[in-house]
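For ligands, and for the atoms within them, numbers begin at 1 and follow the listed sequence. Every heavy atom of this structure was used, including side-chain atoms; hydrogens, water molecules and symmetry mates were not.
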Amino acid sequence: MAKALILGGATGLLGQALQRVLTARGWQAETLGRADGNLQDMAFLESRLAAVDADVVFNAVAWTQVDEAEEHPEEALLVNRTLPDALARILKARGRGHLVHFSTDFVFSGPRQQPWTEEDAPHPASVYGRTKLAGEEAVLRGLPERACVVRTAWLFGPGRKNFVETILEACRRRDAISVVHDQTGSPTYSLDLAQWSVDLAEKQATGIWHAVNGGQASWCELACEAIALTASPCRVEPVASAQWPQKAQRPAYSVLDTGKLSEFLGKKPRPWPQALRDFLFSEYVPGAQPGSEGAR
Ligand SMILES: NC(=O)c1ccc[n+]([C@@H]2O[C@H](COP(=O)([O-])OP(=O)(O)OC[C@H]3O[C@@H](n4cnc5c(N)ncnc54)[C@H](OP(=O)(O)O)[C@@H]3O)[C@@H](O)[C@H]2O)c1
(Lines give C-alpha, C1' and ligand atoms only; values in the text may rest on other atoms or scores of the structure.)
Protein backbone atom coordinates (compact mmCIF):
# COMPACT_ATOMS: atom_id res chain seq x y z
CA MET A 1 0.00 0.00 0.00
CA ALA A 2 1.41 3.41 -0.98
CA LYS A 3 1.89 5.88 1.84
CA ALA A 4 1.22 9.62 1.72
CA LEU A 5 1.88 12.51 4.07
CA ILE A 6 -0.44 15.47 3.49
CA LEU A 7 0.62 18.82 4.90
CA GLY A 8 -2.61 20.69 5.58
CA GLY A 9 -4.62 17.46 5.28
CA ALA A 10 -6.61 17.96 8.48
CA THR A 11 -7.91 21.50 7.92
CA GLY A 12 -7.14 22.87 4.42
CA LEU A 13 -9.68 22.91 1.59
CA LEU A 14 -7.42 20.98 -0.76
CA GLY A 15 -5.69 19.04 2.02
CA GLN A 16 -8.97 17.50 3.15
CA ALA A 17 -9.89 16.65 -0.45
CA LEU A 18 -6.53 14.90 -0.86
CA GLN A 19 -7.06 12.95 2.35
CA ARG A 20 -10.46 11.73 1.08
CA VAL A 21 -9.29 10.83 -2.40
CA LEU A 22 -6.09 9.10 -1.27
CA THR A 23 -7.95 7.00 1.29
CA ALA A 24 -10.64 6.07 -1.27
CA ARG A 25 -7.90 5.03 -3.70
CA GLY A 26 -6.31 2.70 -1.17
CA TRP A 27 -3.42 4.83 0.00
CA GLN A 28 -2.39 5.03 3.62
CA ALA A 29 -2.63 8.79 4.27
CA GLU A 30 -1.37 10.73 7.28
CA THR A 31 -1.75 14.46 7.84
CA LEU A 32 0.61 17.05 9.27
CA GLY A 33 -0.38 20.54 10.33
CA ARG A 34 -0.19 23.32 12.85
CA ALA A 35 -1.82 21.22 15.55
CA ASP A 36 1.01 18.65 15.37
CA GLY A 37 3.89 21.10 15.84
CA ASN A 38 5.76 24.02 14.31
CA LEU A 39 6.23 23.35 10.60
CA GLN A 40 8.89 26.08 10.49
CA ASP A 41 11.06 24.02 12.85
CA MET A 42 13.40 22.08 10.56
CA ALA A 43 14.24 19.43 13.19
CA PHE A 44 10.52 18.78 13.82
CA LEU A 45 9.81 18.58 10.09
CA GLU A 46 12.74 16.20 9.54
CA SER A 47 11.61 13.94 12.36
CA ARG A 48 8.00 13.79 11.06
CA LEU A 49 9.10 13.04 7.51
CA ALA A 50 11.44 10.33 8.77
CA ALA A 51 8.79 8.80 11.04
CA VAL A 52 6.14 8.62 8.30
CA ASP A 53 8.59 7.69 5.53
CA ALA A 54 5.98 8.50 2.87
CA ASP A 55 6.21 7.55 -0.79
CA VAL A 56 4.64 10.93 -1.60
CA VAL A 57 4.48 14.15 0.40
CA PHE A 58 1.65 16.49 -0.67
CA ASN A 59 2.20 20.07 0.45
CA ALA A 60 -1.23 21.75 0.66
CA VAL A 61 -0.10 24.19 3.38
CA ALA A 62 0.03 27.81 2.25
CA TRP A 63 -0.50 31.38 3.35
CA THR A 64 -3.65 31.82 1.23
CA GLN A 65 -4.94 35.16 2.52
CA VAL A 66 -4.07 37.27 -0.48
CA ASP A 67 -4.79 40.72 0.99
CA GLU A 68 -3.25 40.00 4.40
CA ALA A 69 -0.05 38.89 2.66
CA GLU A 70 0.50 42.48 1.51
CA GLU A 71 0.89 43.49 5.17
CA HIS A 72 2.72 40.35 6.32
CA PRO A 73 5.18 39.58 3.51
CA GLU A 74 7.78 37.91 5.76
CA GLU A 75 5.24 35.59 7.36
CA ALA A 76 3.77 34.74 3.94
CA LEU A 77 7.26 33.99 2.63
CA LEU A 78 7.96 31.64 5.54
CA VAL A 79 4.90 29.55 4.72
CA ASN A 80 4.94 29.84 0.92
CA ARG A 81 8.68 29.58 0.23
CA THR A 82 10.67 28.51 3.30
CA LEU A 83 8.44 25.51 4.08
CA PRO A 84 8.41 23.97 0.57
CA ASP A 85 12.15 24.70 0.30
CA ALA A 86 12.70 22.76 3.54
CA LEU A 87 10.53 19.87 2.31
CA ALA A 88 12.53 19.61 -0.91
CA ARG A 89 15.84 19.69 1.00
CA ILE A 90 14.76 17.06 3.52
CA LEU A 91 13.46 14.70 0.81
CA LYS A 92 16.65 15.24 -1.18
CA ALA A 93 18.79 14.34 1.83
CA ARG A 94 16.62 11.29 2.58
CA GLY A 95 17.08 10.07 -1.00
CA ARG A 96 13.46 8.93 -1.12
CA GLY A 97 9.93 10.36 -1.40
CA HIS A 98 8.14 12.32 -4.14
CA LEU A 99 6.93 15.88 -3.49
CA VAL A 100 3.68 17.27 -4.91
CA HIS A 101 3.57 21.00 -4.20
CA PHE A 102 0.66 23.33 -5.02
CA SER A 103 0.76 26.81 -6.50
CA THR A 104 -1.52 29.39 -8.02
CA ASP A 105 -2.77 31.24 -11.09
CA PHE A 106 -1.70 34.41 -9.22
CA VAL A 107 1.87 33.85 -10.43
CA PHE A 108 0.53 35.45 -13.63
CA SER A 109 -0.58 39.01 -14.34
CA GLY A 110 -0.74 41.45 -17.20
CA PRO A 111 -2.88 41.74 -20.32
CA ARG A 112 -3.87 38.41 -21.81
CA GLN A 113 -6.71 36.88 -23.81
CA GLN A 114 -5.73 33.24 -23.96
CA PRO A 115 -5.08 30.69 -21.23
CA TRP A 116 -1.64 30.68 -19.60
CA THR A 117 0.48 27.61 -20.29
CA GLU A 118 3.23 26.05 -18.20
CA GLU A 119 5.71 27.59 -20.67
CA ASP A 120 4.57 31.17 -20.10
CA ALA A 121 6.82 33.37 -17.98
CA PRO A 122 5.22 34.13 -14.61
CA HIS A 123 4.91 37.71 -13.46
CA PRO A 124 3.14 37.97 -10.11
CA ALA A 125 1.58 41.29 -9.14
CA SER A 126 1.01 40.59 -5.42
CA VAL A 127 3.01 39.48 -2.38
CA TYR A 128 0.99 36.26 -2.35
CA GLY A 129 1.86 35.57 -6.01
CA ARG A 130 5.54 36.43 -5.50
CA THR A 131 5.90 34.20 -2.42
CA LYS A 132 4.12 31.33 -4.19
CA LEU A 133 6.42 31.69 -7.21
CA ALA A 134 9.43 31.66 -4.88
CA GLY A 135 8.07 28.40 -3.40
CA GLU A 136 7.72 26.84 -6.86
CA GLU A 137 11.27 27.79 -7.73
CA ALA A 138 12.66 26.42 -4.46
CA VAL A 139 10.93 23.06 -4.96
CA LEU A 140 11.97 22.63 -8.59
CA ARG A 141 15.52 23.76 -7.85
CA GLY A 142 15.87 21.58 -4.74
CA LEU A 143 14.31 18.33 -5.95
CA PRO A 144 13.89 18.49 -9.74
CA GLU A 145 14.01 14.73 -10.19
CA ARG A 146 11.28 13.95 -7.63
CA ALA A 147 8.99 16.97 -7.38
CA CYS A 148 6.14 18.54 -9.28
CA VAL A 149 4.37 21.88 -8.90
CA VAL A 150 0.61 21.80 -9.51
CA ARG A 151 -0.80 25.26 -10.23
CA THR A 152 -4.50 25.60 -9.58
CA ALA A 153 -7.09 28.37 -9.18
CA TRP A 154 -10.40 29.56 -7.70
CA LEU A 155 -11.06 26.50 -5.54
CA PHE A 156 -14.46 25.48 -4.21
CA GLY A 157 -15.39 22.30 -2.35
CA PRO A 158 -16.32 20.80 0.99
CA GLY A 159 -14.52 21.20 4.31
CA ARG A 160 -13.55 24.87 4.46
CA LYS A 161 -15.17 28.13 3.56
CA ASN A 162 -14.51 29.31 0.00
CA PHE A 163 -15.88 31.84 -2.49
CA VAL A 164 -18.96 29.81 -3.45
CA GLU A 165 -19.90 29.20 0.17
CA THR A 166 -19.31 32.88 1.03
CA ILE A 167 -21.61 34.00 -1.80
CA LEU A 168 -24.39 31.59 -0.87
CA GLU A 169 -24.13 32.60 2.77
CA ALA A 170 -24.40 36.30 1.82
CA CYS A 171 -27.47 35.47 -0.28
CA ARG A 172 -29.18 33.93 2.73
CA ARG A 173 -28.87 37.28 4.53
CA ARG A 174 -29.39 39.78 1.70
CA ASP A 175 -31.64 40.41 -1.32
CA ALA A 176 -28.77 41.54 -3.54
CA ILE A 177 -24.98 41.24 -3.58
CA SER A 178 -22.27 42.97 -5.63
CA VAL A 179 -19.69 40.78 -7.32
CA VAL A 180 -16.65 41.69 -9.42
CA HIS A 181 -17.19 41.10 -13.14
CA ASP A 182 -13.83 42.07 -14.65
CA GLN A 183 -11.59 39.31 -13.31
CA THR A 184 -11.67 36.05 -15.25
CA GLY A 185 -10.26 32.74 -14.08
CA SER A 186 -10.65 28.97 -13.81
CA PRO A 187 -13.10 27.82 -11.12
CA THR A 188 -11.95 24.43 -9.83
CA TYR A 189 -13.44 21.70 -7.64
CA SER A 190 -11.08 20.63 -4.86
CA LEU A 191 -12.09 16.96 -5.19
CA ASP A 192 -11.36 16.95 -8.95
CA LEU A 193 -7.99 18.60 -8.29
CA ALA A 194 -7.21 15.98 -5.65
CA GLN A 195 -7.93 13.17 -8.16
CA TRP A 196 -5.62 14.67 -10.81
CA SER A 197 -2.93 15.30 -8.20
CA VAL A 198 -2.99 11.67 -7.07
CA ASP A 199 -2.85 10.60 -10.75
CA LEU A 200 0.27 12.77 -11.13
CA ALA A 201 1.76 11.38 -7.91
CA GLU A 202 1.15 7.77 -8.96
CA LYS A 203 3.14 8.42 -12.16
CA GLN A 204 5.82 10.34 -10.24
CA ALA A 205 5.32 13.39 -12.46
CA THR A 206 7.89 16.16 -12.35
CA GLY A 207 7.89 19.80 -13.49
CA ILE A 208 5.00 22.26 -13.61
CA TRP A 209 1.35 21.29 -14.24
CA HIS A 210 -1.72 23.46 -14.66
CA ALA A 211 -4.69 21.68 -13.06
CA VAL A 212 -8.12 23.37 -13.22
CA ASN A 213 -11.61 22.49 -14.42
CA GLY A 214 -12.56 23.31 -18.02
CA GLY A 215 -14.01 26.63 -19.15
CA GLN A 216 -13.60 30.03 -17.63
CA ALA A 217 -15.69 32.51 -15.63
CA SER A 218 -15.67 35.86 -13.94
CA TRP A 219 -16.34 35.94 -10.18
CA CYS A 220 -19.74 37.33 -11.12
CA GLU A 221 -20.51 34.42 -13.46
CA LEU A 222 -19.39 31.89 -10.87
CA ALA A 223 -21.60 33.53 -8.24
CA CYS A 224 -24.61 33.64 -10.64
CA GLU A 225 -24.24 29.95 -11.46
CA ALA A 226 -24.05 28.95 -7.78
CA ILE A 227 -27.06 31.13 -6.96
CA ALA A 228 -29.09 29.73 -9.88
CA LEU A 229 -28.27 26.13 -8.92
CA THR A 230 -29.45 26.69 -5.36
CA ALA A 231 -32.60 28.49 -6.58
CA SER A 232 -31.79 31.50 -4.42
CA PRO A 233 -33.84 34.65 -5.19
CA CYS A 234 -30.75 36.83 -4.50
CA ARG A 235 -29.89 39.46 -7.16
CA VAL A 236 -26.32 39.86 -8.38
CA GLU A 237 -25.04 43.34 -9.24
CA PRO A 238 -21.85 43.26 -11.31
CA VAL A 239 -19.17 45.72 -10.17
CA ALA A 240 -15.79 46.66 -11.55
CA SER A 241 -12.65 45.83 -9.52
CA ALA A 242 -11.99 49.57 -9.31
CA GLN A 243 -15.23 49.95 -7.32
CA TRP A 244 -14.14 47.18 -4.96
CA PRO A 245 -10.72 48.24 -3.67
CA GLN A 246 -8.59 45.44 -2.23
CA LYS A 247 -5.07 45.57 -0.79
CA ALA A 248 -3.62 43.06 -3.26
CA GLN A 249 -3.72 43.46 -7.00
CA ARG A 250 -5.43 40.55 -8.74
CA PRO A 251 -4.89 39.41 -12.33
CA ALA A 252 -7.65 40.50 -14.71
CA TYR A 253 -7.22 37.25 -16.63
CA SER A 254 -5.69 34.15 -15.06
CA VAL A 255 -7.30 31.24 -16.93
CA LEU A 256 -4.91 28.27 -16.98
CA ASP A 257 -4.35 26.07 -20.03
CA THR A 258 -4.77 22.36 -19.26
CA GLY A 259 -3.46 20.90 -22.53
CA LYS A 260 -0.54 19.20 -20.76
CA LEU A 261 -2.76 17.73 -18.02
CA SER A 262 -5.38 16.59 -20.57
CA GLU A 263 -2.74 14.73 -22.52
CA PHE A 264 -1.48 13.11 -19.32
CA LEU A 265 -4.99 12.08 -18.16
CA GLY A 266 -6.14 11.05 -21.64
CA LYS A 267 -9.17 13.34 -21.27
CA LYS A 268 -9.96 16.99 -20.62
CA PRO A 269 -10.82 18.09 -17.07
CA ARG A 270 -14.62 18.37 -16.91
CA PRO A 271 -16.19 21.86 -17.23
CA TRP A 272 -16.45 23.85 -13.98
CA PRO A 273 -20.30 24.20 -14.10
CA GLN A 274 -20.61 20.40 -14.06
CA ALA A 275 -18.19 20.15 -11.12
CA LEU A 276 -20.05 22.95 -9.32
CA ARG A 277 -23.32 21.03 -9.67
CA ASP A 278 -21.65 17.97 -8.15
CA PHE A 279 -20.43 20.03 -5.22
CA LEU A 280 -23.71 21.83 -4.58
CA PHE A 281 -25.99 18.81 -5.03
CA SER A 282 -23.94 16.16 -3.25
CA GLU A 283 -21.56 17.86 -0.80
CA TYR A 284 -22.65 21.35 0.14
CA VAL A 285 -24.27 21.82 3.53
CA PRO A 286 -25.32 25.47 4.08
CA GLY A 287 -23.42 27.10 6.93
CA ALA A 288 -21.36 24.00 7.71
CA GLN A 289 -17.92 25.00 6.51
CA PRO A 290 -15.40 26.45 8.97
CA GLY A 291 -12.25 28.40 8.09
CA SER A 292 -11.26 31.52 6.29
CA GLU A 293 -13.39 33.01 3.57
CA GLY A 294 -12.23 34.34 0.26
CA ALA A 295 -9.05 32.25 0.43
CA ARG A 296 -7.32 31.81 -2.90
N1 LIG B 1 -8.16 28.28 -2.54
C2 LIG B 1 -7.91 28.71 -3.77
O3 LIG B 1 -8.78 29.28 -4.43
C4 LIG B 1 -6.55 28.50 -4.39
C5 LIG B 1 -6.30 29.09 -5.64
C6 LIG B 1 -5.04 28.91 -6.23
C7 LIG B 1 -4.08 28.15 -5.60
N8 LIG B 1 -4.34 27.60 -4.37
C9 LIG B 1 -3.26 26.85 -3.73
O10 LIG B 1 -3.75 25.57 -3.37
C11 LIG B 1 -3.11 25.12 -2.18
C12 LIG B 1 -4.16 24.74 -1.15
O13 LIG B 1 -4.95 25.88 -0.85
P14 LIG B 1 -6.25 25.77 0.05
O15 LIG B 1 -7.29 26.63 -0.58
O16 LIG B 1 -6.54 24.36 0.37
O17 LIG B 1 -5.76 26.53 1.35
P18 LIG B 1 -6.51 26.68 2.74
O19 LIG B 1 -7.84 26.03 2.71
O20 LIG B 1 -6.41 28.12 3.12
O21 LIG B 1 -5.58 25.81 3.71
C22 LIG B 1 -4.29 26.22 4.01
C23 LIG B 1 -3.66 25.19 4.92
O24 LIG B 1 -2.37 25.69 5.30
C25 LIG B 1 -2.29 25.64 6.71
N26 LIG B 1 -1.38 26.66 7.19
C27 LIG B 1 -1.32 27.96 6.84
N28 LIG B 1 -0.34 28.58 7.52
C29 LIG B 1 0.24 27.63 8.30
C30 LIG B 1 1.32 27.65 9.21
N31 LIG B 1 2.01 28.75 9.48
N32 LIG B 1 1.64 26.49 9.83
C33 LIG B 1 0.95 25.36 9.59
N34 LIG B 1 -0.07 25.28 8.73
C35 LIG B 1 -0.42 26.42 8.09
C36 LIG B 1 -3.71 25.85 7.20
O37 LIG B 1 -3.80 25.43 8.53
P38 LIG B 1 -4.90 26.06 9.53
O39 LIG B 1 -6.22 25.50 9.10
O40 LIG B 1 -4.45 25.58 10.87
O41 LIG B 1 -4.83 27.53 9.38
C42 LIG B 1 -4.47 24.97 6.21
O43 LIG B 1 -4.37 23.61 6.57
C44 LIG B 1 -2.19 26.27 -1.75
O45 LIG B 1 -0.91 26.02 -2.24
C46 LIG B 1 -2.78 27.49 -2.45
O47 LIG B 1 -1.79 28.46 -2.68
C48 LIG B 1 -5.54 27.76 -3.75
Side-chain angles (χ1 to χ4, degrees), residues 5-21 31-41 44-45 48 58-69 72 74-84 86-87 99-108 116 122 124 126-136 138-139 148-166 183 185-194 196-197 208-213 217 219 222 248 250-251 254-256 272 279 289-296:
L5 178 64
I6 314 161
L7 279 80
T11 60
L13 181 63
L14 174 60
Q16 292 177 79
L18 283 165
Q19 166 79 344
R20 253 172 77 166
V21 166
T31 64
L32 182 62
R34 216 193 286 275
D36 304 303
N38 180 6
L39 302 189
Q40 305 299 339
D41 176 346
F44 169 73
L45 208 53
R48 288 312 304 151
F58 293 86
N59 180 30
V61 159
W63 179 297
T64 52
Q65 292 154 303
V66 177
D67 291 310
E68 286 76 356
H72 301 278
E74 286 85 14
E75 292 95 322
L77 199 64
L78 276 177
V79 183
N80 291 347
R81 187 199 61 192
T82 310
L83 174 61
L87 290 172
L99 178 59
V100 178
H101 174 69
F102 294 92
S103 191
T104 171
D105 55 333
F106 274 30
V107 298
F108 296 111
W116 298 94
S126 62
V127 169
Y128 170 70
R130 283 194 287 278
T131 59
K132 291 295 293 181
L133 179 60
E136 292 186 359
V139 161
C148 68
V149 166
V150 181
R151 287 189 188 135
T152 191
W154 296 32
L155 290 183
F156 60 84
R160 188 162 175 134
K161 196 175 273 185
N162 53 79
F163 174 80
V164 168
E165 160 99 2
T166 300
Q183 290 170 23
S186 304
T188 299
Y189 190 21
S190 57
L191 286 165
D192 284 358
L193 173 61
W196 307 322
S197 304
I208 298 177
W209 297 80
H210 286 180
V212 291
N213 280 118
W219 291 114
L222 175 55
R250 275 128 169 107
S254 63
V255 178
L256 298 180
W272 69 263
F279 168 52
Q289 310 213 48
S292 59
E293 69 185 64
R296 289 199 41 88

Taking [X] for its side chain and [Y] for its backbone only, find out whether a donor-acceptor pair lies under 3.5 Å.
{"X": "S186", "Y": "L256", "answer": "yes"}
{"X": "T82", "Y": "V79", "answer": "no"}
{"X": "N162", "Y": "G157", "answer": "yes"}

Which option out of [options] puts a heavy atom nearest to [atom]?
{"atom": "atom 28 (N) of ligand 1", "options": "Q40, R160, R34", "value": "R34"}
{"atom": "atom 24 (O) of ligand 1", "options": "S254, G37, A62", "value": "A62"}
{"atom": "atom 46 (C) of ligand 1", "options": "F102, Y128, W63, F106", "value": "Y128"}
{"atom": "atom 13 (O) of ligand 1", "options": "V150, T64, L78", "value": "T64"}

Whether W63 and H72 hold their rings parallel, tilted or perpendicular, with breakpoints at 30° and 60°: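 W63 vs H72 ring planes: tilted.
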Contact check, A153 vs ligand 1, heavy-atom distance below 4.0 Å: yes
Any nitrogen or oxygen of [X], main chain or side chain, under 3.5 Å from a nitrogen or oxygen of ligand 1?
{"X": "V79", "result": "no"}
{"X": "T152", "result": "no"}
{"X": "L14", "result": "yes"}
{"X": "G12", "result": "yes"}
{"X": "K132", "result": "yes"}
{"X": "L155", "result": "yes"}
{"X": "N59", "result": "no"}
{"X": "D105", "result": "no"}

Part of T104 with heavy atoms under 4.0 Å of ligand 1, whether side chain, backbone, both or neither: both
S103, portion touching ligand 1 at heavy-atom distance under 4.0 Å: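 It is the backbone that gets close, since no side chain atom is under 4.0 Å.
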What's the shortest heavy-atom distance between [X] and [Y], and which atoms?
{"X": "P187", "Y": "N213", "answer": "O-CB, 3.4 Å"}
{"X": "S254", "Y": "W154", "answer": "OG-NE1, 4.0 Å"}
{"X": "Y128", "Y": "A69", "answer": "N-CB, 4.0 Å"}
{"X": "P124", "Y": "G129", "answer": "CB-C, 3.4 Å"}

Numbering as shown, the atoms of ligand 1 that approach W154 to under 4.0 Å (heavy-atom distance):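 Here the atoms of ligand 1 in question are 3 (O), 5 (C).
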Enumerated ligand 1 atoms positioned under 4.0 Å from heavy atoms of G8: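 Taking each heavy atom of G8 in turn, ligand 1 has 43 (O) under 4.0 Å.
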Check: F44 and L32 side chains under 4.5 Å, non-hydrogen atoms: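 Side-chain contact under 4.5 Å: yes.
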Pairing of R250 and D67 as salt bridge, 4.0 angstrom limit: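 Result for this pair is yes, salt bridge flagged.
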W219 ring center within less than 6.0 Å of F163 ring center: yes
